[in-house]
Amino acid sequence: MAEVLTVRKALQLEVFQRTEVRIYAGEKHLDRPVRWVHAGEIPDIHRFLSGQEMLLTAGLGMGDTGDLQRAFVRRVSDARASVLVIELAGRMFDVMPAAVVEEAEAVDLPLVGLRDEIPFVEASAQVHEVLVENRMSQLIADEATGQAFMNLLLADQDYLAMTDEVARRTGLPVVLENVAHQMLAYSGATPESDAIVADWGAHSRAIHERHRPAISERRGAPTARPGSFRNVVACARRAVVLRGESWGWMHLLHGATQPTPADLNTLERAAAAVAISLLSERESGARSAQRQGALLNRLMLGDITGEEFVQNALGLGRDLRDKPLLVVVSARGEADGRDDSSLQAVERAVGGLGLNAVVGDIGDFALAVVALDRDVTGDRLARSLADAGNWGGLSRAVPAAGLQTAVRQGRSAASAAVATRADQFLRFDDLGALRLLVALAEGPELARYVEDELGPLLSHDAQSSNPLLPTLRAFLDAGGNKARTAEVLFVQRRTLYYRLDRITRILGLDLSSSDTQQRLQLAVRGHDLLRHSAPRRR
C-alpha cells in the first residue's frame with residue numbers, strides 16, 4: 001500500500017536535516033498530508049494555493065506588524081495549506097514573531113521555523129521526488145488490486161470471493177447487500193461488525209436511506225462520518241451497478257478510522273467485479289465443474305434442447321429416454337444434523353428408488369432432472385427426500401421437449417418454499433399468486449414495488465423496538481377483520497386500533513379500502529419472499 005507523505009515525514013527529509021527545525025504551533029496536526037510544495041515572498045501568496053501544500057517562505061511578504069502577520073497566517077490557513085515553514089536566518093526574522101505563533105495556534109496551522117537558510121528549490125525537489133514515488137507505488141498497488149479481481153473473474157469466482165478479497169486487502173469487515181437491503185455476503189467479521197450485521201436493516205436504512213445529507217463523498221464512495229449517528233458503525237459503500245441499474249451496495253465497515261484511498265479503490269474495484277460476476281452468473285445459471293452440472297448449465301442456458309440434454313445424459317450413463325421427466329430443486333433442512341450436502345442427499349434418494357437422474361449444484365440448492373418410472377411417482381420421490389431432511393420444489397412431469405420450462409417451474413417452487421418457510425416440497429401447480437411474485441423477484445421490480453409500498457413502514461421498524469409490520473400482516477391475513485386480527489395478535493382492540501392508526505399515518509393509505517389491502521397484501525408477501533430467500537454469506 002502506498003504511503004501518504006505527511007508534514008512529519010516531509011520534515012525528516014535530508015534537506016531539512018541541514019538546519020535546526022523547530023515546531024512552533026500545530027504539533028498535533030503534523031500528520032496532515034502534503035500534496036505539493038510552494039515557495040513565495042509576496043503578501044497574497046494564498047491566492048496560488050489549492051490545498052495541502054507545504055508553504056516555504058523567508059517571511060518577506062508577511063509584513064512587519066502583528067496585525068499584518070496575523071492576517072497572513074489566517075489567509076494561508078483558509079487556503080488549506082498543510083504547513084507554513086518560515087526561515088529565521090535574518091532576511092526578515094531572527095526569531096519567530098509572537099503574533100505568528102499565536103495566530104497559527106488559533107487556526108490549527110502547523111508552524112515550523114528553520115534556524116538557517118536552505119535551498120527552497122532542493123526542498124521542493126526532494127518533496128516532489130517522494131510524492132512521485134508514492135504516486136507510482138499507489139498506481140502499482142491499484143493495478144495489483146485490479147489484477148486480483150480480474151483473476152477472480154477469470155477463475156469463475158462469485159461475489160462471495162469478491163467480498164472475501166475486499167476484507168483481506170483492507171483488513172476491515174465487508175457486507176454485500178442488494179437493493180432491498182438484504183445481506184448477501186459478509187466477510188472479515190469482528191465482534192463490532194457482528195453486532196451491526198445482527199440488525200442489518202437498521203444500519204443500512206438508518207444511515208444510508210434516512211440520513212443521506214450527513215454522508216460525505218470521497219472518491220465516489222459515500223462515507224458516513226464517525227459520530228454522525230448514535231450506536232452506528234461508520235462505513236463507506238459503493239453501488240453495484242448492473243446493466244445501468246443499481247443492483248445493491250458493498251459496505252466497508254471502517255468504524256472511527258476513515259478508510260484510506262487504497263481501501264476505497266479496493267471497494268470500487270470490487271463493486272465493479274461483483275457486477276461482472278453477477279452478469280455472468282445470471283446468464284450461466286448454476287456453475288459446477290462436474291459433468292452433470294455442466295450439462296445442466298447448458299440446458300438452463302438454452303444451449304441445448306431438452307431432447308439433446310437427454311441424449312447427452314445417456315453418454316454420462318444416465319438413461320432418461322422415453323420417460324416422464326421431473327425437475328427437483330432441493331435444499332437441506334437446517335435442523336437435519338447431517339453433514340452431507342443437498343447434492344449428495346438427492347443422489348442418495350434417487351439412487352435408493354432406482355431412478356436415473358442428472359444432478360447438479362446450483363448454490364444453495366441441488367437441481368435434478370429425474371426420469372420417473374411407473375412405480376415411482378413425484379410424490380413418492382418428494383416424501384423420500386423430505387424424510388431425509390430435505391425441502392424444495394417440484395416441477396410438472398414433462399417430456400424431454402419441456403425440460404427448460406420444467407427447470408423454471410422447479411426453481412420457482414423452491415423459491416416459494418423458501419419464502420413460506422415450508423419444510424416440505426411444494427409443487428409448481430400449487431403456488432397460486434406466489435408464481436407471479438417469484439418471477440418478479442428474479443429482477444429488481446419486486447424489490448422496488450415492496451420499497452414503494454412498504455418503505456416508510458420498514459424504515460420505522462428498522463429503528464423501533466415495536467415493529468408494526470407483523471400487525472399489518474395479521475390484519476391483511478384476516479381480510480381486514482379487526483376483531484379476528486386482535487385475537488390472532490392476542491391484543492386488546494384498543495391496542496390494535498392504535499397500531500393500525502399509526503400504520504395509516506406512516507403509509508398514508510386508507511387501510512379500510514379493499515384496493516389498498518390488495519396492494520399491501522402483494523407487497524407483504526413480496527417482502528417475505530425477498531427476506532426469506534436464503535442469503536449466501538460467510
Got a second to check how far [X]'s [atom1] is from [Y]'s [atom2], nearest 0.5 Å?
| X | Y | atom1 | atom2 | result |
| --- | --- | --- | --- | --- |
| Thr145 | Asn265 | OG1 | CG | 5.5 Å |
| Leu296 | Arg298 | CG | CZ | 11.5 Å |
| Asp31 | Ser82 | CG | OG | 11.0 Å |
| Ile304 | Met300 | CD1 | CE | 10.5 Å |
| Glu453 | Leu522 | CD | CG | 9.0 Å |
| Leu152 | Tyr159 | CG | OH | 15.0 Å |

Side chain [X], main chain [Y], donor-acceptor under 3.5 Å:
| X | Y | answer |
| --- | --- | --- |
| Gln292 | Gly360 | no |
| Asp461 | Leu468 | yes |
| Ser193 | Ala189 | no |
| Thr266 | Ala262 | yes |

If you compare all heavy atoms of [X] against all heavy atoms of [Y], which two are closest, and at what distance to 0.1 Å?
| X | Y | result |
| --- | --- | --- |
| Val274 | Met250 | CG2-CE, 3.8 Å |
| Val34 | Thr6 | CG2-C, 3.8 Å |
| Leu55 | Val76 | CD2-CG2, 3.8 Å |
| Leu56 | Ala123 | CD1-CB, 3.8 Å |
| Val450 | His527 | CG2-N, 3.6 Å |
| Val100 | Met96 | CG1-SD, 4.2 Å |

Worksheet item: side chain to side chain contact (heavy atoms under 4.5 Å, CB included) between Leu11 and Val83: does it pass, once the steps are laid out?
Response: CA-CA 10 Å; Leu11 293 176; Val83 60; 5.6 Å; no
Worksheet item: In terms of ring plane angle, is the pair His203 and His251 parallel, tilted or perpendicular, where the classes change at 30° and 60°?
Response: perpendicular
Taking C-beta and beyond as the side chain, do [X] and [Y] meet within less than 4.5 Å on heavy atoms?
| X | Y | answer |
| --- | --- | --- |
| Arg32 | Asp108 | yes |
| Asp116 | Ile118 | no |
| Leu49 | His38 | yes |
| Trp249 | Val179 | yes |
| Glu102 | Arg70 | yes |
| Phe149 | Gln157 | no |
| Leu507 | Leu520 | yes |
| Phe72 | Ile45 | yes |

Discussion item. Tell me which pairs pass side chain to side chain donor-acceptor pair (under 3.5 Å) where either residue lies in residues 39-52, with sequence neighbours left out.
Written reply: Arg35-Ser50, Glu41-Thr57, Asp44-Arg47, His46-Arg75, Ser50-Glu53
Fill in: Verdict with supporting geometry, Met162 and Leu153, side chain to side chain contact (heavy atoms under 4.5 Å, CB included)
CA-CA 9 Å; Met162 310 296 176; Leu153 289 171; 3.4 Å; yes
Worksheet item: With no hydrogens and no angle check, do the side chains of Gln126 and Glu14 hold a donor and an acceptor under 3.5 Å apart?
Response: yes
Item to complete: For the pair Thr260 and Asp263, evaluate side chain to side chain donor-acceptor pair (under 3.5 Å) and give the outcome as yes or no after the intermediate values.
Response: CA-CA 5 Å; Thr260 67; Asp263 291 338; 3.2 Å; yes
Discussion item. If the condition is side chain to side chain donor-acceptor pair (under 3.5 Å), which residues does Thr471 pass it with, not counting sequence neighbours?
Written reply: Arg499
Worksheet item: Taking NZ, NE, NH1 and NH2 as the nitrogens, is one of them in Arg448 or Glu451 under 4.0 Å from a carboxylate oxygen of the other?
Response: no
Practice prompt. Determine whether more than 12 heavy atoms belonging to other residues, nucleotides or ligands lie under 6.0 Å from atom CD of Gln17.
Written response: yes
Worksheet entry | Crowding at CZ, Arg22 (>12 non-hydrogen neighbours, <6.0 Å) | no
Worksheet item: Under the side chain to side chain contact (heavy atoms under 4.5 Å, CB included) criterion, do His460 and Arg502 qualify, and how do the steps go?
Response: CA-CA 11 Å; His460 166 274; Arg502 290 201 64 193; 3.2 Å; yes
Practice prompt. Could you walk me through whether Val174 and Arg169 pass the side chain to side chain contact (heavy atoms under 4.5 Å, CB included) test, one step at a time?
Written response: CA-CA 11 Å; Val174 183; Arg169 287 182 167 271; over 6 Å; no
